[in-house]
Amino acid sequence: MSSAGISFGGLASGLDTQAIIKALVAVEERPIFALERTKTSLGKQKGLFGNLSTLLDTLTESAKALKTTADFLQMKASTSNEDILTATASSTATPGTYGVTVVGLAKGQINTAGAASASAGIANTTSPVSFSIDIDGTSHFISANNDLNSIASAINSDAGLTEDGVKAEVVDTGSGATAGERYQLVIRGENPGSENSFTITYDDGGPGFQDFVDTLTTNLTPAEDAEIEVNGLTIYRSSNTISDLFGGITLDLKSIPDPEQEVTITVATDGEETSAKVKELVDAYNAVVDFFEAQNALDEEGKATSPIFGDTTMRSIRGSLRGIVGGSVSGTGNEAFQLLSQIGIKADTKGKLEFNQSKFEEALAEDENAVSALFSDSSTGIAARLEDQIDLYTDSIDGLLKTRNDGFDRRIKQTTTQIENAERRLVRYQEQLTVKYANLETLLSRLQGQGSAVNGIGAAFGN
């Protein structure tokens, strides 16, 4: 920092005035450095509480995934013959066995007609040819050159037919086929079921093309619905994937057995998947505990390594969460399963949870309702209590961490203002010192000049 337009070097006084000014300014600058350190520390503290908030959000999401029995108990489905049909179950499926007989698979419609060439004109036709494909009450008009490739391309270029799943292709059936029909135009519906059937109607193109369209309509494999039997009832569906027959169970039909046979579907609790969801909660909780441990660490000299070491808010959060996961849940209906430690989830000396999957699955097999209630009971379950407690900290309007964050913002803003004011005062102080020492040099220089003049006069008079 320097005062504009003023330059001096202590020539008159013999002092290093620039060094003196620099040293004096450095002394006055120390409070600014202290404020900057305070601001940096506040920023770090705010960032750490932001990290804690993120970890708590993750823990909340893990708790929500176990909040109800349907969320907690993951189900699995198996079938007695997966070559005939497979099954999957959601968490809403009811455990039990179901019998299904596959009588028919859903199929899409196929129409075919042949010609001697894929690229040459169809015999006795004019070009262009035209026809319509009608599906679900909508007519799609097709116009193309009078060869199979052009017709197939025109069908596949129709956006409406593409959306309805109608496709066309030209197939070379080989040299052994009837010469006039070696190349086959195949128009097929990719969407199965009778509701996706379509009709083909001749419009123009000459007698040869009219015969060709008549062949298309005759050489027809109709669309069919899937047909299954359940408890003596015959049921039809337009798809081979059926999800509205048994609640929470989706069937995928694969084949028609010969001879006919009933496939047994078994739905039961999936201990492995349920364990995985509980493990996610354990891992999320342990991540929070690890965070607390890191903030309370000391270095080799016994000094705190974190700016929020011993923070009361952090201690309060840690204590409340530990109380929830270590507390008893009275609403399980089974005294043997009221604590996490009774189902394979124990805390170590640092408060981290250790998950014993095999013991957890044993408890689940013994009394899945009680184990589920330990987490999902609406009033005392661990998942609901964790969610409610964490919401007190992370609520975006009046949560405890929001309050702390706002406090950090205010203090950072105040500190920034103090730094700016101190820097302005320091500039003025340096300018004052510069002027002061410049005036001193000027005065000394004038006095030295006067002394020289006096000495000169004395020498002139012989003194």
Side-chain angles (χ1 to χ4, degrees), residues 52 55-76 90-95 248 268-293 314-395 399-400:
L52 175 58
L55 292 171
L56 291 174
D57 285 340
T58 300
L59 179 56
T60 297
E61 291 304 312
S62 299
K64 286 180 179 179
L66 303 173
K67 192 175 179 181
T68 66
T69 300
D71 291 330
F72 179 82
L73 292 176
Q74 300 301 291
M75 310 304 292
K76 63 180 177 180
S90 71
S91 59
T92 61
T94 302
T269 300
D270 190 336
E272 186 173 345
E273 286 298 316
T274 302
S275 294
K277 295 188 71 173
V278 173
K279 181 66 163 52
E280 289 180 3
L281 177 70
V282 169
D283 290 343
Y285 178 84
N286 286 341
V288 176
V289 175
D290 285 339
F291 175 85
F292 290 145
E293 285 295 314
M314 190 175 65
R315 289 204 304 270
S316 173
I317 295 174
R318 181 173 188 171
S320 62
L321 296 182
R322 178 178 289 182
I324 291 173
V325 300
S328 175
V329 177
S330 58
T332 66
N334 186 338
E335 292 183 357
F337 299 127
Q338 292 186 335
L339 297 167
L340 287 181
S341 59
Q342 295 172 320
I343 61 169
I345 306 174
K346 292 184 177 181
D348 63 16
T349 56
K350 293 184 178 181
K352 293 183 67 173
L353 299 178
E354 297 176 343
F355 181 58
N356 186 323
Q357 183 173 339
S358 60
K359 185 172 182 179
F360 173 81
E361 291 185 11
E362 288 174 5
L364 195 64
E366 182 176 340
D367 191 343
E368 66 178 31
N369 291 327
V371 174
S372 174
L374 182 58
F375 289 90
S376 61
D377 183 81
S378 59
S379 57
T380 61
I382 289 173
R385 291 171 63 195
L386 280 174
E387 182 185 6
D388 291 343
Q389 187 66 39
I390 292 173
D391 185 63
L392 298 175
Y393 307 137
T394 60
D395 185 84
L400 180 58

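In this text the structure is predicted, and so the values were computed from the model without any measurement.
- Side-chain N or O atoms of Ser91 include one that pairs as donor or acceptor with a backbone N or O of Ala70 at under 3.5 Å.
- Using a 4.5 Å cut-off on side-chain heavy atoms (C-beta onward), Leu281 and Leu386 make contact.
- Between Tyr393 and Ser316 the shortest heavy-atom distance is OH-O, 4.1 Å.
- When all heavy atoms of Tyr285 and Gly351 are compared, the pair lying nearest together is CE2-O, 3.6 Å.
- Taking OG1 of Thr332 as the reference point, atom CD of Gln338 lies at 4.5 Å (rounded to 0.5 Å).
- Across every non-hydrogen atom of Ala63 and Ala383, the tightest pair is O-CB, 3.3 Å.
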Test side-chain contact (heavy atoms from CB on, under 4.5 Å) on Val278 and Ile345; report intermediate values, then the result.
CA-CA 10 Å; Val278 173; Ile345 306 174; 3.7 Å; yes
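- Residue pairs meeting the salt bridge (Lys or Arg N to Asp or Glu O under 4.0 Å) criterion with at least one member in residues 354-368, sequence neighbours excluded, do not occur.
- Side-chain contact between Phe355 and Ser275 is present, with at least one heavy-atom pair separated by less than 4.5 Å.
- Within the model, atoms CD1 of Ile343 and CG of Leu364 stand 8.5 Å from one another, a figure rounded to the nearest 0.5 Å.
- Using a 4.0 Å cut-off between a side-chain N of Lys or Arg and a carboxylate O of Asp or Glu, Glu293 and Arg318 qualify as a salt bridge.
- Taking both residues in full, the closest heavy atoms of Ala384 and Asp377 are given as CB-O, 4.1 Å, listed atom of the first, atom of the second, then distance.
- The salt bridge (charged side-chain N to carboxylate O under 4.0 Å, His left out) test applied to Asp395 returns no partner, not counting sequence neighbours.
- Between the side chain of Thr380 and the main chain of Val329, no donor-acceptor pair closer than 3.5 Å is present.
- Atoms CZ and OG1, from Phe72 and Thr69 in turn, are 8.5 Å apart once rounded to the nearest 0.5 Å.
- Taken to the nearest 0.5 Å, the CG atom of Asp283 stands 9.5 Å off from the CG atom of Leu353.
- The side-chain heavy atoms of Ser372 and Leu374, taken from C-beta on, include no pair separated by under 4.5 Å.
- Looking at heavy atoms from C-beta onward, Thr60 lies out of side-chain contact with Asp391 at the 4.5 angstrom threshold.
- The shortest side-chain heavy-atom distance between Asp71 and Phe375 does not fall under the 4.5 Å cut-off.
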Using the rule given for side-chain contact (heavy atoms from CB on, under 4.5 Å), can you reason through Leu392 versus Asp388, listing the C-alpha separation, both sets of side-chain angles and the distance that settles it, and then say yes or no?
CA-CA 7 Å; Leu392 298 175; Asp388 291 343; over 6 Å; no
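- Between Lys277 atom NZ and Glu272 atom CD the span is 14.5 Å, to the nearest 0.5 Å.
- Note on Lys76 versus Glu273: no salt bridge recorded, every NZ/NE/NH1/NH2 to OD/OE distance being 4.0 Å or above.
- Applying the salt bridge (Lys or Arg N to Asp or Glu O under 4.0 Å) test to pairs two or more places apart or on separate chains, those with a residue in residues 56-66 are Glu61-Lys64.
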How far apart are the C-alpha atoms of Asp270 and Met75, what are their side-chain angles, what is the distance that settles it, and do they pass the side-chain contact (heavy atoms from CB on, under 4.5 Å) test?
CA-CA 5 Å; Asp270 190 336; Met75 310 304 292; 5.8 Å; no
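- For the atom pair CD (Gln74) and OG1 (Thr274), the distance works out to 5.5 Å, reported to the nearest 0.5 Å.
- Listed here is the closest heavy atom pair of Gly331 and Ala373: O-CB, 3.8 Å.
- Contact annotation: the side chain of Gln389 approaches that of Ser320 to within less than 4.5 Å [non-hydrogen atoms, C-beta and beyond].
- Remark: the backbone N or O of Gly271 is not paired with any side-chain donor or acceptor of Thr269 at under 3.5 angstrom.
- Of the possible donor and acceptor atoms, none in the side chain of Ser341 sits under 3.5 Å from a partner among the backbone N and O of Lys346.
- Considering only heavy atoms from C-beta on, Ile390 comes within 4.5 Å of Leu321 through its side chain.
- Side-chain contact between Phe292 and Arg322: absent, with no pair of heavy atoms (C-beta onward) separated by less than 4.5 Å.
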